[in-house]
Amino acid sequence: TTDIVRGYKIGKVVGIHEEYNIIYPQSGATVDGIVYEVTDEELKKIDDYEGDAYIRVSVTLVSNTRAWIYRDNPSSTYQSHIIKTDSWWF
């Protein structure tokens with residue numbers, strides 16, 4: 001199912017060999033996405049996969065659905081590698 005989260009914007013984490021999408025808080029912004037239903041076991045695996053650059057937070061989507069999202073981790077050493085831009089095209 002597609003949905004929208006308010007108050008976040010898409011950016012990039014730029015690494016040595018790759019770039020990854022990341023969302024970060026931005027007043028007035030929105031991010032379109034897809035909602036997946038996962039088990040607790042799957043959620044633990046996703047937590048392990050996402051690593052230090054991301055944190056999982058609970059949000060209410062535009063549809064009034066509660067969901068987990070992975071956003072930038074403010075205490076991560078990757079903060080200096082996040083590109084925040086007004087352009088949606090990277």
Side-chain angles (χ1 to χ4, degrees):
T1 304
T2 60
D3 215 323
I4 299 169
V5 62
R6 289 188 177 118
Y8 289 89
K9 192 166 187 172
I10 296 176
K12 291 276 186 190
V13 176
V14 179
I16 295 172
H17 301 290
E18 297 186 42
E19 294 181 356
Y20 303 94
N21 288 327
I22 196 163
I23 60 174
Y24 60 92
Q26 177 72 43
S27 180
T30 61
V31 175
D32 297 350
I34 299 173
V35 179
Y36 294 95
E37 189 171 326
V38 297
T39 66
D40 288 342
E41 183 179 325
E42 291 167 327
L43 194 57
K44 173 67 173 120
K45 288 179 182 178
I46 297 167
D47 286 344
D48 292 342
Y49 175 82
E50 291 300 347
D52 182 54
Y54 302 86
I55 57 171
R56 177 168 43 107
V57 296
S58 179
V59 297
T60 301
L61 304 174
V62 169
S63 68
N64 211 31
T65 301
R66 294 292 299 167
W68 293 111
I69 63 168
Y70 289 86
R71 57 156 282 192
D72 70 315
N73 180 353
S75 62
S76 171
T77 58
Y78 289 97
Q79 279 295 308
S80 63
H81 299 276
I82 296 176
I83 298 173
K84 299 177 179 181
T85 179
D86 289 334
S87 173
W88 63 271
W89 187 259
F90 292 96

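Just so you know, these numbers use all the heavy atoms, side chains as well, and skip hydrogens, waters and symmetry mates. In this text the structure is predicted, and so the values were computed from the model without any measurement.
Shortest non-hydrogen contact noted between Gln26 and Lys9 is CB-CB, 3.7 Å. Taking each heavy atom of Asn21 and Tyr54 in turn, the nearest pair found is O-OH, 2.7 Å.
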Worksheet item: Would Leu43 and Arg56 count as a side chain to side chain contact (heavy atoms under 4.5 Å, CB included) if you check the C-alpha gap in whole Å, the side-chain angles of each, and the deciding distance to 0.1 Å?
Response: CA-CA 10 Å; Leu43 194 57; Arg56 177 168 43 107; 3.2 Å; yes
Worksheet item: Does the pair Trp68 and Ile46 meet the rule for a side chain to side chain contact (heavy atoms under 4.5 Å, CB included), with working shown?
Response: CA-CA 11 Å; Trp68 293 111; Ile46 297 167; over 6 Å; no
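Atoms OG1 and CD1, on Thr1 and Ile34 in that order, are 9.5 Å from each other to the nearest 0.5 Å.
Grouping Ile, Leu, Val, Met, Phe, Trp and Tyr residues whose side-chain heavy atoms lie under 4.5 Å apart, directly or via other members, places Ile4 in a hydrophobic cluster with Val62.
A side-chain N or O of Asp47 and one of Tyr70 form a donor-acceptor pair less than 3.5 Å apart. A donor-acceptor contact under 3.5 angstrom links the side chains of Arg66 and Thr60, judged on distance only.
Distance alone, capped at 3.5 Å, is enough to place a donor-acceptor pair between the Asp3 side chain and the Ser63 backbone. For Asn73 (side chain) and Ser75 (main-chain N/O), a donor-acceptor pair under 3.5 Å exists by modelled atom type.
The only member of Thr30, Ile69, Asp72 that meets side-chain contact (heavy atoms from CB on, under 4.5 Å) when paired with Tyr8 is Ile69.
Using a 4.0 Å cut-off between charged nitrogen and carboxylate oxygen, Asp48 and Lys44 count as a salt-bridge pair.
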